[in-house]
Amino acid sequence: MHVIPVISTKGGEGKSTQAANLAGFLADAGLKVLLIDGDYAQPTASSIFSLSYEAPKGLYELLMQTADLNQPSSLISRSVISGLDIIISNDPHAQLPTAMLHAPDGRLRLRNVLQHPLFQSYDVIIVDSQGARSIMLELIVLAATRTAVGVVKPVLPDVREFIRGTINMMENLLPFSALGLKLPEIRILINCMKYTRLARDTYQQLEEIINDGRYSAHSEQIKVSLLSTFIYDLEIYVEGHAAGQPAHRLEKKTGRVSDSAFATMYNLASELFPEWKPQFDRIALKEMEAKHG
């Protein structure tokens, strides 16, 4: 079971959209996926896909430990996508940050809760997060089992905010290493890439910073790398929102330079979960066979 947070300390980077699209692709590939909407302020991930069943409880009860985990139907909502379950965000009065801040195990609460057998049945748990630095983002990062996806737009202020905000937060979490916790590697996903020289130049600057380890004085302990997959600034992801469908279902091929949404999600999933690439290859083969009749 992989717990993979999708993070950034800056809002508007596209975390919810790409968390949901990745979850949808993995489910279509035959994996059992849980999407947790950890953004209590703007719960976008809860509403991208329609629900075939909405549980009466959600993120609030999960973290406050008032949900009976032996009764999954009280907490786990089912999306219309086969294999994709959702824990909705339901903290409109923003009570969770204060509660977690004062709880002795606040920053470890999500990590501890996800050890319950209920969650061990999932292949992947994707956790969306709020675009702001807070204890809520910290507890989501600390729940990661291996990797966290850092979403960044190829715009210089956004790159600077990622280094100043997200990397600095990781530095402040280093003391948890003394408890035996290994901080996740941050895999940077470039979102809303454009066909411009400025975007390419910004990406190259970020690439040099990452490769040279200049993002942190603790680069030996805080691992950061760039994903090869880019998400281009395309209307298809907006259309996916409107249709309540993963973008890979809506765009199988394209005549433009950049990959289709299907190819993009296939590449992203293959990078993040190479152990399941045979399953991703099978769904790609089905699409190819369907295209050629």
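Remember, predicted model here, so these are calculated numbers, not experimental data. Worth knowing before you read on, the calculation uses all heavy atoms, side chains too, and leaves out hydrogens, waters and symmetry mates.
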Donor-acceptor check, side chain of [X] to backbone of [Y], threshold 3.5 angstrom: yes or no?
X: His116; Y: Leu118; value: yes
X: Glu61; Y: Thr66; value: no
X: Ser79; Y: Ser50; value: no
X: Thr166; Y: Thr9; value: yes

Do you know the tightest heavy-atom contact between [X] and [Y]?
X: Met170; Y: Leu183; value: O-CD1, 3.6 Å
X: Arg111; Y: Leu142; value: NH1-O, 2.9 Å
X: Ile283; Y: Ala29; value: CD1-N, 4.1 Å

Does a side-chain N-to-carboxylate-O contact under 4.0 Å join [X] and [Y]?
X: Glu275; Y: Arg146; value: yes
X: Lys15; Y: Asp128; value: no
X: Glu271; Y: Arg187; value: yes

Tell me, do [X] and [Y] make a side-chain contact under 4.5 Å, heavy atoms counted?
X: Arg78; Y: Glu54; result: no
X: Asp39; Y: Thr44; result: no
X: Gln65; Y: Arg109; result: yes
X: Asp28; Y: Phe262; result: no
X: Leu181; Y: Arg107; result: no

Pairing donors with acceptors under 3.5 angstrom, does anything connect the side chains of [X] and [Y]?
X: Tyr232; Y: Asn191; result: no
X: Asp123; Y: His2; result: no
X: Asn90; Y: Tyr40; result: no
X: Ser177; Y: Gln221; result: no
X: Tyr195; Y: Ser258; result: yes
X: Asp37; Y: Ser89; result: no

Test side chain to side chain contact (heavy atoms under 4.5 Å, CB included) on Val159 and Thr202; report intermediate values, then the result. CA-CA 8 Å; Val159 169; Thr202 302; 3.8 Å; yes
Any chance CD of Glu220 has more than 12 other-residue heavy atoms, nucleotides or ligands included, within less than 6.0 Å? no
Enclosure of Glu171 CD (heavy-atom neighbours >12, cutoff 6.0 Å): yes
By the definition ring pair (Phe, Tyr, Trp, His ring centres under 6.0 Å), identify the one residue from Phe25, Tyr237, Tyr266 that meets it with His248. Phe25
Ring pair (Phe, Tyr, Trp, His ring centres under 6.0 Å) between Tyr203 and Phe230, intermediate numbers included: CA-CA 11 Å; Tyr203 173 77; Phe230 292 169; 4.9 Å; yes
